Undergrad: 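Pasting a structure below so you can have a look.
Sequence lines set the chain letters: A, B, ... in the order given, protein chains first and strands last, and positions in each chain run from 1. On a predicted model such as this, the values are computed, not experimentally measured, just so you know.
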Protein chains: 2
Amino acid sequence: MHDDSSPLCTRFLAAADLLGRRWTGVILRILMDGPCRFGELTERIGTISERVLSERLKDLEAEGIVERHVDPGPPIRSEYRLTQKGQAFWKVIDELGKWAERWVDVKPAPRKRKSA
Amino acid sequence: MHDDSSPLCTRFLAAADLLGRRWTGVILRILMDGPCRFGELTERIGTISERVLSERLKDLEAEGIVERHVDPGPPIRSEYRLTQKGQAFWKVIDELGKWAERWVDVKPAPRKRKSA
DNA sequence: CGCGTCACTTTTAATTCGCAAGTAACTTCC
DNA sequence: GGAAGTTACTTGCGAATTAAAAGTGACGCG
């Protein structure tokens, strides 16, 4: 039998697992444009629940992809920004964007999972 | 009000939503190596449940990314292969792979979501 | 003080996922 | 010629993830 499989390296699995969680790609994409605050992230994404945004941000921080900066100035403000590891992700996001631009046609209900 | 955000084009959202479902990236990555049958996909992924694999394959087919070819030869065999739209995705997978290679360090429990 | 903002948490309900078993169409074995 | 195996899925059901919405705590304003 032909050599049947490349065992799918663990690193790739981890990366795919990361991106395989809902909203991760979108969050990263927004952060690519520059640092962003929690509320701003919520607004720009529009349909994410704060509970999940909070969770994703923690995951990303734990992975060393995002950094949280708390500005204790009078009105407390926190800002999320990409680390070097996170910045390095831009190529992936960029290619995904290009693919989407070229191949995705605007569907009636893209955000609802069960739509079709 | 200042124009506060690039509204995150719908196409990107759709693409991110696609990749944001568990296993999608891994399935695509395997299919990049060539057509694959259901059982073979199950084996190569290792920890995916057939229920979800079946679901993802249907999603991907509905999106026109994967094509299903049924070979009604004596032992029925179905084969999944990428369409042109799916092939075009290789750059995304490739960049993801490169990022993973460079930035992901082998963690103790990469597949279990709740591990950390 | 009461109200509003910001950044999250907590609660509760709806989805999705994993695991095991079942279905269906053949093939092989005895 | 019928019990058992292969391949490709589907189904049931408990467990984990996500959504939606209300709550918490720290300010700042009037």
Undergrad: Expressed in angstrom and rounded to an integer, what is the separation of A/Glu55 atom CD from C/dT11 atom C1'?
TA: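 Taking CD of A/Glu55 and C1' of C/dT11, I get 15 Å after rounding.
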Undergrad: Give the nucleotide from the list C/dT9, D/dA8, C/dA7 with an atom nearest to the side chain of B/Arg68.
TA: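 Closest nucleotide to the B/Arg68 side chain: D/dA8.
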Undergrad: Counting side-chain heavy atoms from CB outward, which of C/dA7, D/dA8, D/dT18 is closest to A/Val52?
TA: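 The closest nucleotide is D/dT18.
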Undergrad: Relative to the 5' end of DNA chain C, which residue comes earlier, B/Ile48 or A/Lys58, by the nucleotide with the nearest heavy atom?
TA: A/Lys58
Undergrad: Salt bridge between B/Arg77 and B/Glu79, side-chain N to carboxylate O under 4.0 Å?
TA: no
Undergrad: CD1 of A/Ile45 versus C1' of D/dA20: gap in Å, rounded?
TA: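 So the CD1-C1' distance, A/Ile45 to D/dA20, works out to 16 Å.
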Undergrad: Just how far, in rounded Å, is P of D/dT7 from CZ of B/Phe38?
TA: 13 Å
Undergrad: Rounded to whole angstroms, how far apart are CZ on B/Arg22 and C1' on C/dC17?
TA: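 Taking CZ of B/Arg22 and C1' of C/dC17, I get 8 Å after rounding.
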Undergrad: Taking atom P of D/dT10 as reference, at what distance in whole Å does atom CD of B/Glu50 sit?
TA: 10 Å
Undergrad: What is the distance from CG of B/Leu53 to P of D/dT10, rounded to the nearest Å?
TA: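 Rounded to whole Å, this separation is 10 Å.
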Undergrad: Which nucleotide, D/dA19, C/dG18, C/dC8, lies nearest any side-chain atom of A/Trp23?
TA: D/dA19
Undergrad: Which whole-number value in Å describes the distance from A/Arg56 CZ to C/dC8 P?
TA: 16 Å
Undergrad: Any idea which of D/dG12, D/dA19, D/dC9 is nearest the B/Arg51 side chain?
TA: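 Ranking D/dG12, D/dA19, D/dC9 by closest atom to the B/Arg51 side chain puts D/dG12 first.
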Undergrad: Please tell me if B/Ser78 has a side-chain N or O lying less than 4.0 Å from either OP1 or OP2 of D/dC9.
TA: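 Affirmative; the distance criterion is met.
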Undergrad: Can you check the A/Arg21 CZ to D/dT18 P distance for me, whole Å?
TA: 8 Å
